[in-house]
Amino acid sequence: MSDIRLIQLSNYVRPKLEENKSKNWVLNGKNNSFYQYVIDRFNGSPTNSAIINSYIDLIYGRGLSAKNKNFTNWIKLQTILKKSDLKKIISDFELFGEASMQVVKAKNKKDLGAIYHLPKQMVVPSLENEDGEILSYWYCRDWNNTSKNEPQEFPAFGTSNKDIEIYTLRPYKAGKNYFADPDYLSALTYAEMEEELANFYINSIKKGLSAGYIINVPDGGSLTPEQKDDLEKKIKAKLTGSPNAMNFVINFAGRDADITIVPFPVNDAQHKQWEYLTGESRQQIMTGHRVVSPKLFGIMSDGGLGNNANELDEAEEQLMKRVIQPKQNYITEAIEEILTHYNITLDLFFLPLTEQPSAIQMSSDKSYLDMFLE
């Protein structure tokens, strides 16, 4: 009797938090791996990356401004927080659902000197204390190799008299004490599906559009279970996964059998299945991101663009109101919290990307400039 084995790919499982009580830190998956998983889905999925990049641009708009701004405080903010750091903070917040900032005191130890962006994948919290508070954060350039990149501990913002503290923008989410997931978390598997489908397509084309093969191994019955396992591992390591675009069934046949590689028959309906999966993954990614209209991101549907100018304007307005502005508000409130701690009062907001400043804002800016030049 032959021994037939079907090789299948494993499913992705979200990593568990790793609490290290001896080191007093918490990692987001083994070696803080979840952040890299999110980055890979950004790099590999065209729909996911297009939406995230567009959201970052819409959140930043034309940069920060302030209502009824005090000119002295406004000029001070320009020296404290650079535009490049603000853009990076927004990028992390949109990509990971959280962001980290390094808050540095001025030389006099009393005033605020600067706010810098810290890559979120390099920053992890310490264990909570008895009151459920996180009093410090750890920074490491590579959590895969902490022996060569020794983690540094910094106090959480507002908890010490140290010169450098870390502030983390982390919206509340039920059951999440240490990390905030991306708000499109449920769509990550579909982003991976889109990525794998793209790999499948290109490699399937390169390999002659094959659906897979059955490998008949002669005299397989004489092999020990260990030898069969070893052979299966070697074949799986070389021949499975989307880069090879094939499935393999290993048949450990009898002694009289020949070494044969039999191709699977190609089902005419298979291409419709891939087309369905491509459309389904794109749709679920957009749903996870709460996309109002796919046309805003260059994803066209029947009807084209020419007759839908009003529809696009309305879609963008709803997207700004329901998705983008809440993100903007969370970021400005975080910055204002830091500024207020150092007695800098500003009512911040982001200038919209597609609108011109109002006459009130322009006249207000001009009056402050005139006052400054006097």
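As a basis for the values below, the full set of heavy atoms in this structure was taken, side chains included, without hydrogen atoms, waters or symmetry mates. All figures in this text were calculated on a predicted structure; none of them were measured in a lab.
Heavy-atom minimum distance, Gln328 versus Ile59: NE2-O, 2.9 Å. Taking every heavy atom of both residues into account, Ser281 and Leu197 meet most closely at OG-CD1, 4.4 Å. The shortest heavy-atom contact between Lys105 and Ser160 is NZ-O, 4.1 Å. Scanning all heavy atoms of the two residues, the minimum distance from Leu348 to Leu64 falls at CB-CD2, 4.3 Å. Across every non-hydrogen atom of Asp92 and Leu118, the tightest pair is OD2-O, 3.6 Å. Nearest heavy-atom pair across Asn24 and Trp138 is O-NE1, 2.9 Å.
Under the rule for a side-chain hydrogen bond (donor to acceptor under 3.5 Å, both in side chains), the partners of Asn48 that lie at least two apart in sequence or sit in another chain are His289.
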Does the pair Ser22 and Asn20 meet the rule for a side chain to side chain donor-acceptor pair (under 3.5 Å), with working shown?
CA-CA 6 Å; Ser22 63; Asn20 191 322; 2.6 Å; yes
Evaluate the criterion side chain to side chain contact (heavy atoms under 4.5 Å, CB included) for residue pair Trp25 and Glu19; output intermediate values, then yes/no.
CA-CA 6 Å; Trp25 64 52; Glu19 297 184 3; over 6 Å; no
Go through the steps to decide whether Asp111 and Lys76 satisfy the test side chain to side chain contact (heavy atoms under 4.5 Å, CB included), and finish with yes or no.
CA-CA 11 Å; Asp111 297 328; Lys76 189 180 296 184; 5.9 Å; no
Using side chain to side chain contact (heavy atoms under 4.5 Å, CB included), reason through Tyr60 and Lys83 one step at a time and then give a plain yes or no.
CA-CA 10 Å; Tyr60 182 79; Lys83 293 181 180 179; 3.6 Å; yes
Could you walk me through whether Glu18 and Lys30 pass salt bridge (Lys or Arg N to Asp or Glu O under 4.0 Å), step by step?
CA-CA 7 Å; Glu18 288 197 351; Lys30 185 178 181 180; over 6 Å; no
For side chain to side chain contact (heavy atoms under 4.5 Å, CB included), just list the numbers for Leu17 and Tyr178, CA-CA rounded to whole Å, side-chain angles, deciding distance to a tenth of an Å, and then say yes or no.
CA-CA 9 Å; Leu17 301 184; Tyr178 293 108; 4.1 Å; yes
Between Thr278 and Glu194, does the side chain to side chain donor-acceptor pair (under 3.5 Å) criterion hold? Intermediate values first, please.
CA-CA 6 Å; Thr278 299; Glu194 187 176 65; over 6 Å; no
Please report the C-alpha distance between Lys109 and Asp163 in whole Å, then the side-chain angles of each, then the deciding distance to 0.1 Å, and finally whether the salt bridge (Lys or Arg N to Asp or Glu O under 4.0 Å) criterion is met.
CA-CA 7 Å; Lys109 309 293 184 181; Asp163 293 341; 2.6 Å; yes
Report the C-alpha separation of Asn43 and Asp40 in whole Å, then their side-chain angles, then the decisive distance to 0.1 Å, and conclude whether the side chain to side chain donor-acceptor pair (under 3.5 Å) test is met.
CA-CA 5 Å; Asn43 292 329; Asp40 290 342; 4.7 Å; no
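In the displayed structure, Asn145 atom CG is contacted under 6.0 Å by more than 12 heavy atoms of other residues, nucleotides or ligands. Annotation: Glu314, atom CD; neighbour count of heavy atoms from other residues, nucleotides and ligands within 6.0 Å does not exceed 12. By the 6.0 Å contact criterion, CD on Gln78 is enclosed, its count of non-hydrogen atoms from other residues, nucleotides or ligands being greater than 12. When the shell of 6.0 Å around CZ of Arg141 is examined, it contains 12 or fewer heavy atoms from other residues, nucleotides or ligands.
In summary, Lys173 and Asp181 do not engage in a salt bridge, as defined by a charged side-chain N under 4.0 Å from a carboxylate O. Contact check on Asp183 versus Lys327 returns a salt bridge, with a Lys/Arg side-chain nitrogen under 4.0 Å from an Asp/Glu carboxylate oxygen.
Contact annotation: the side chain of Ile56 approaches that of Glu94 to within less than 4.5 Å [non-hydrogen atoms, C-beta and beyond]. In this structure, the side chains of Trp143 and Asn149 stay at 4.5 Å or more apart for every pair of heavy atoms. Within the 4.5 Å cutoff, the side chain of Thr168 has no heavy atoms near those of the Phe157 side chain. A heavy-atom distance below 4.5 Å is found between the side chains of Leu339 and Leu77. Contact check for Phe34 versus Pro182: side-chain heavy atoms found under the 4.5 Å cut-off. Contact annotation: the side chain of Ile335 approaches that of Ile331 to within less than 4.5 Å [non-hydrogen atoms, C-beta and beyond]. Looking at Ser84 and Lys87, their side chains never come closer than 4.5 Å, going by heavy atoms from C-beta outward. In this structure, the side chains of Val124 and Asn28 stay at 4.5 Å or more apart for every pair of heavy atoms.
Cation-pi geometry between Arg170 and Tyr172 is not met: the NZ or CZ atom fails to fall both under 6.0 Å from the ring centre and inside 45° of the normal.
Among residue pairs with one or both ends in residues 86-131, those qualifying as ring pair (Phe, Tyr, Trp, His ring centres under 6.0 Å) are Tyr35-Phe96, Phe93-Tyr330; sequence neighbours excluded.
Taking OG of Ser100 as the reference point, atom OH of Tyr139 lies at 11.0 Å (rounded to 0.5 Å). The OG atom of Ser126 sits 10.5 Å away from the CD atom of Glu133 when rounded to the nearest 0.5 Å.
For Tyr137 and Glu165, the side-chain atoms include no donor-acceptor pair closer than 3.5 Å.
Ring centroids of Phe297 and Tyr55 are separated by less than 6.0 Å, placing the two rings close together.
Both Leu296 and Leu58 are part of a single hydrophobic cluster, where members link through side-chain heavy atoms under 4.5 Å apart.
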